[in-house]
Amino acid sequence: MNMKEITIAGAGPTGLATALFLKENGVEPYIFEKRLERSRLSKAFGVNPRTLTLLKGTGATNRFLENGRKMYALNVWRNGKIVVKNDFSTKDIEFPFMLVQSQEDSERILEELINERGISVDRGKELDKVEQENEQVLFGFKDNTQFISTKYLFGADGAGSATRKSLNLSFDGVVMNDPWNLYDLELDIPINEDEGHVFLLDKGAIFVVRLYDNIWRVIGSVAHMLDYLPKGTTTGKIVWESDFGISHRVIKQFRHQNIFFGGDAAHIHSGLGARGMNLGIEDAYVFSQLFVGNRLNEYHNMRKPVVDKVMDSIAMMTDVVRGHSFRGKMLRHMSPVVPLVFRFAEDYAKDFVLGLDHEIKV
Ligand SMILES: Cc1cc2nc3c(=O)[nH]c(=O)nc-3n(C[C@H](O)[C@H](O)[C@H](O)COP(=O)(O)OP(=O)(O)OC[C@H]3O[C@@H](n4cnc5c(N)ncnc54)[C@H](O)[C@@H]3O)c2cc1C
């Protein structure tokens, strides 16, 4: 049996970015995926400047910029007025905006790039079991008795990671019971279509951003939230509707022997701040750099504190917009001080959304 050097489980954004970063550094990974085709879901639409910077050398950033739309500000509304305008364009960085692009497009572009470099995703392969035996990792697919051997395995197989489950690794955290709703739908809405908008309501908040053409994403934890869109809004066809719960969980060890974890396989949290996919691509970058530098023993210590810190911020912000949280109620019911509170937190919030709330030194 020929041993593979490095195998990537899962071809979501984290796995694809890992393959791309490794290949850019002269490493030929094997990447497999259970889906026969890419997911068509729009899911992550916010690509942050940190990700654009990390991907720049691979050619992905140029293609993202040609394909996506720039969002230069995030407005916070209360009682029909903008109380804070969080203007990203004032930031002295190369990409002072969020790039709005559906996850389907991000994955397509990343996969096209690895294909052009001679790597294809081995599709229709569902990981079933993983174990470490001496210096090698053995893994097997569903409905197949044969084990494959690899020196290193990068588990990028998402929140339900079979890699993680097969090794019985804990994924501890908090489960929130309140339901969140999401619509991608046609809107004719009297707000700036090139900026994002958060509407603070008495019972929670809703987030509204234009995805493309006249299709907008509306997301929040408020019942009947479309009723709270600004006066004069007309709703049209719904192209995707979903409801979901939120959990905040993080893996204890980002490394288990020669098996490493990144993206949703290692950490999941609410979508506030648009960090999930972006953090996964960061994991991919750090892992790849350490891999080529023969420094994999640093991976856990480099990623765990960063992810813990970001998750603390996400938990705080999620609490603020949740309908019944004490912090959220305080903030919304003291609307006269909202601008002050937000202005005080503006730089913090801006760096958080732009993914610049920590350094990456590899
Ligand atoms: C509504 C919504 C909005 C979001 N908005 C944002 C945003 O704006 N910005 C942002 O950064 N993040 C956002 N996220 C989060 C983002 O979608 C995830 O963090 C991201 O998809 C994680 O990428 P990943 O590659 O780690 O995992 P995944 O995308 O889950 O990819 C894992 C891959 O592994 C495959 N797989 C799973 N099990 C197996 C197996 N046993 N064998 C082989 N393959 C397997 C899956 O089919 C999948 O292709 C959003 C999420 C949702 C749901």
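In listed order, ligands and their atoms are each counted from 1. The analysis underlying the following values was restricted to heavy atoms, covering all of them including side chains, and did not include hydrogens, waters or symmetry mates. Model, not experiment: these values are computed from the prediction.
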Exercise. What residue and heavy atom of the protein are closest to atom 40 (C) of ligand 1, and at what distance?
Worked result: Leu127 N, 3.6 Å
Seminar exercise, completed: Closest to atom 30 (O) of ligand 1 (heavy atoms only, candidates Ala9, Gly158, Ser102) is Gly158
Exercise. Which is closest to atom 24 (P) of ligand 1 in terms of heavy atoms, Thr14, Val47, Leu182, Ile281?
Worked result: Thr14
Exercise. Polar-atom distance check: Ala265 versus ligand 1, any N or O pair below 3.5 Å?
Worked result: no
Problem set entry | Sub-6.0 Å ring centroid separation between Tyr72 and Phe88 | no
Exercise. Got a salt bridge between Lys151 and Glu135, using NZ or NE/NH1/NH2 to carboxylate O under 4.0 Å?
Worked result: no
For this session: Indicate yes or no: does Asp157 engage Lys165 in a salt bridge with an N to O separation below 4.0 Å.
Result: no
Exercise. Any nitrogen or oxygen of Asn278, main chain or side chain, under 3.5 Å from a nitrogen or oxygen of ligand 1?
Worked result: yes
For this session: Look at Arg69 together with Asp194 and state whether they make a salt bridge at an N to O cut-off of under 4.0 Å.
Result: yes
Exercise. Should Arg108 and Glu112 count as an ion pair when the cut-off is N to O under 4.0 Å?
Worked result: yes
Seminar exercise, completed: Per-atom filter on ligand 1: closer than 4.0 angstrom to a heavy atom of Gly12 are 25 (O), 31 (O), 33 (C), 49 (O)
For this session: Can you figure out which of Arg35, Gln103, Met277, Lys43 has its heavy atom closest to atom 21 (O) of ligand 1?
Result: Gln103
Exercise. Does Gly271 come within less than 4.0 Å of ligand 1, judged by its heavy atoms?
Worked result: no
Problem set entry | Lys142 near ligand 1 by a heavy-atom separation under 4.0 Å | no
For this session: Say whether Arg217, considering both its backbone and side-chain N or O atoms, lies within less than 3.5 Å of an N or O atom on ligand 1.
Result: no
Problem set entry | Passing option when Leu55 is tested against Asn62, Leu110, Val47 for side chain to side chain contact (heavy atoms under 4.5 Å, CB included) | Leu110
Seminar exercise, completed: ligand 1 to Lys125, heavy atom cutoff 4.0 Å, flagged ligand atoms 42 (N), 43 (C)
Problem set entry | Ser166 side chain to Val130 backbone, donor-acceptor under 3.5 Å | yes
Problem set entry | Part of Ala156 within contact of ligand 1 (heavy atoms, under 4.0 Å) | backbone
Problem set entry | Carboxylate-amine/guanidinium contact Glu107 Lys43, below 4.0 Å | no
Problem set entry | SB check Glu116 Arg63 (cutoff 4.0 Å) | yes
Seminar exercise, completed: Check: of Ala44, Gly15, Ala162, min heavy-atom distance to atom 13 (C) of ligand 1 comes from Ala44
Problem set entry | Gly46, any N or O under 3.5 Å of ligand 1 N or O | yes
For this session: Distance to 0.1 Å, residue and atom name: give those for the protein heavy atom nearest to atom 18 (C) of ligand 1.
Result: Asp264 OD2, 3.4 Å
Problem set entry | Salt-bridge contact Glu94-Lys56 (side-chain N to carboxylate O under 4.0 Å) | yes
For this session: Considering heavy atoms of the protein only, find what lies nearest to atom 46 (C) of ligand 1 and give residue, atom and distance to 0.1 Å.
Result: Glu33 OE2, 3.5 Å
For this session: Side-chain contact test, heavy atoms from C-beta onward, threshold under 4.5 Å: evaluate it for Arg117 versus Glu24 and give yes or no.
Result: yes
For this session: Answer yes or no: does an N/O atom from Glu126 fall short of 3.5 Å to an N/O atom of ligand 1?
Result: no
For this session: Give me the one residue out of Phe260, Phe32, Phe287 that meets ring-ring contact (aromatic ring centres under 6.0 Å, His included) with Phe154.
Result: Phe287
Exercise. To the nearest 0.1 Å, how far is atom 37 (C) of ligand 1 from its closest protein heavy atom, and which atom is that?
Worked result: Asp157 O, 3.2 Å
Exercise. Charged N to carboxylate O under 4.0 angstrom, Arg50 versus Glu282?
Worked result: yes
Problem set entry | Gly276 neighbourhood, listing ligand 1 atoms whose heavy-atom distance to it stays under 4.0 Å | 10 (C), 11 (O), 12 (N), 19 (O)
Seminar exercise, completed: Residue, atom and distance of the protein heavy atom nearest atom 45 (C) of ligand 1 read Lys34 CG, 3.7 Å
Exercise. Is the closest N or O pair between Ala274 and ligand 1 shorter than 3.5 Å?
Worked result: yes
For this session: Output yes when the distance from some N or O of ligand 1 to some N or O of Gly263 is under 3.5 Å, and no in every other case.
Result: no
